[in-house]
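Atom set for the values below is all heavy atoms of this structure, side chains included, hydrogens, waters and symmetry mates excluded.
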Amino acid sequence: MHAKSVLSVVALTTLIAGGAFAAGCKSSAEATVTEESVEAAPVALEEPLTEEHDGGSVGWEFAPDGAVRAVVKGPDGRPIDKDVSGTLTWKGPNGDAQIPLAVDAKTGLLIAAGPRLEADLTEVKYNVVVAGKPWNGTLHVPAGGTKVIVEGAKKAERRPIPPGKTGPNGGVIQVVGDDTIEVVADKASGQVRVYVLDDNFKPVPVGDRKIKLGFVGSGSELILLNPGPGGLYCVGTISAKVNPVKLTVVVAHPTHADVVLVGYRPGVHVVVGPSAPSLNVVVATTWNVSVKVKAAPGVVVVHDDDDDDDDGRIHVVHVHGKHKGKHKHHHGHGRGHWK
């Protein structure tokens, strides 16, 4: 429905001769302006998280209370508010919720009312249909909404990583709040680690940090990482052993949590779909076999961590003096540890 209103503007003036008002006389003609079927221009979202599709883009704004606004634009950058609709699939602890997206006649934006954002990351899949063509994607949204991701990107911009720089294990380096981290996964096992790095990009103890990852690639998944041996990294497992096109990271401290979308910069569109570039996270590692030197002199313990070998044998190698000869003994079936 379009608003219709009539505005009347009457200009009155005083008579120059005698300074008295002459009834029925006007120094200027009465003007009548009619607004017929005038639509409000689509509202420009202040700092949307924009995803680029083949045929246009969708800029998202998620509020902490679950309110969603989105601006849909064509290849020319002009907003689209005709023949557009959609659905959000909101994943929660009690199952998925289907939330409709509809155009708001006053603003031209797609709007929806979802559940309150309470988890560190909430997975929301979207299906936006523009002139019969679906645009699909997945977002991992923090409790503070998309604004938190934009703020995290601004903070990361102030501490840029040298171009082409990779972590000590060959993974992706990303600034998250006041931390610098490396995210790397093993191509063979799917085991993923996050290291905290110092100013020289060397690993330091993780401490009391808790880390969660949101992967989007051939599929999507949320991964809560656990402390690794010795507290030198956090560790988990990814189901799809392929590089993601999007990676959202939460680093939670006792007093606050920082969130980033890896590689994202404010104002830059995130490319999704078949043409999206991937992040070099999944690499060939040497984690499957690690060596630890025990306190007893001349004893080296080799832990076989190859996930393809379920017996997880531990091999004790005795080294005698300067000899190269070694005697291997199998001691039980305990699982090994990474260094």
Side-chain angles (χ1 to χ4, degrees), residues 1-5 35 37-153 214 216 220 222 246 248 259 261 264 266-273:
M1 296 179 63
H2 305 299
K4 178 179 179 181
S5 60
E35 292 179 344
S37 301
V38 176
E39 297 181 3
V43 172
L45 299 181
E46 186 176 351
E47 291 182 309
L49 179 61
T50 302
E51 300 210 327
E52 187 76 27
H53 293 264
D54 181 18
S57 65
V58 186
W60 296 99
E61 179 190 88
F62 281 68
D65 64 359
V68 179
R69 300 194 302 169
V71 57
V72 180
K73 295 183 179 181
D76 57 2
R78 294 182 179 180
I80 300 173
D81 60 356
K82 294 288 189 300
D83 199 11
V84 57
S85 60
T87 305
L88 301 175
T89 302
W90 208 285
K91 291 186 175 293
N94 299 319
D96 297 351
Q98 300 291 325
I99 312 296
L101 283 162
V103 175
D104 178 25
K106 294 182 179 179
T107 63
L109 301 174
L110 276 179
I111 60 171
R116 174 173 288 276
L117 295 166
E118 295 180 340
D120 292 333
L121 287 178
T122 297
E123 183 174 294
V124 181
K125 294 180 180 294
Y126 65 83
N127 174 254
V128 174
V129 181
V130 182
K133 183 178 180 180
W135 297 355
N136 298 319
T138 302
L139 303 167
H140 288 115
V141 188
T146 50
K147 182 180 179 180
V148 174
I149 294 177
V150 175
E151 290 174 347
V216 178
S220 60
L222 282 171
K246 290 199 303 181
T248 308
V259 185
L261 179 59
Y264 171 67
V268 175
H269 291 191
V270 180
V271 179
V272 297

What heavy-atom pair brings [X] and [Y] nearest, and what distance separates the two atoms?
X      : Y      : answer
Pro134 : Asn127 : CB-ND2, 3.6 Å
Lys73  : Ile80  : C-CD1, 3.8 Å
Leu45  : Ala70  : CD1-CA, 4.2 Å
Ile99  : Ala112 : CG2-CB, 3.8 Å
Asp83  : Gly132 : OD2-N, 4.4 Å
Leu117 : Gly145 : CD1-CA, 3.9 Å

Would you say that [X] contacts [Y] through its side chain, given a criterion of any heavy-atom pair below 4.5 Å between the two side chains?
X      : Y      : answer
Leu49  : Val141 : no
Asn136 : Lys125 : no
Glu61  : Val68  : no
Tyr264 : Val150 : yes
Trp60  : Val124 : no
Asp104 : Arg69  : no

Checklist entry - Between His53 and Tyr126, what is the ring plane arrangement, given parallel below 30°, perpendicular above 60°, and tilted in between? => result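 Rings of His53 and Tyr126: perpendicular, over 60°.
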Item to check | Residues, nucleotides or ligands: over 12 heavy atoms within 6.0 Å of Glu46 CD | outcome: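 Counting neighbours around CD of Glu46, 12 or fewer heavy atoms of other residues, nucleotides or ligands fall under 6.0 Å, so no.
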Rounded to the nearest 0.5 Å, what's the gap from [atom1] on [X] to [atom2] on [Y]? Could you check?
X      : Y      : atom1 : atom2 : value
Leu101 : Ile111 : CG    : CD1   : 9.0 Å
Thr122 : Leu222 : OG1   : CG    : 8.0 Å
Gln98  : Asp96  : CD    : CG    : 7.0 Å

Checklist entry - Salt bridge or not for Arg116 and Asp65, using N-O below 4.0 Å? => result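 Between Asp65 and Arg116 there is no salt bridge, as every charged N stays at least 4.0 Å from the carboxylate O atoms.
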Checklist entry - Thr146 side chain to Phe62 main-chain N or O, any donor-acceptor pair under 3.5 Å? => result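 Yes; at least one donor-acceptor contact below 3.5 Å.
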Checklist entry - Can you check whether Val272's main-chain N or O pairs, donor with acceptor, with Lys246's side chain at less than 3.5 Å? => result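 No, Lys246 side chain to Val272 backbone: no donor-acceptor pair under 3.5 Å.
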Checklist entry - Between His140 and Val259, does a side-chain contact (heavy atoms from CB on, under 4.5 Å) hold up when you go through it step by step? => result CA-CA 10 Å; His140 288 115; Val259 185; over 6 Å; no
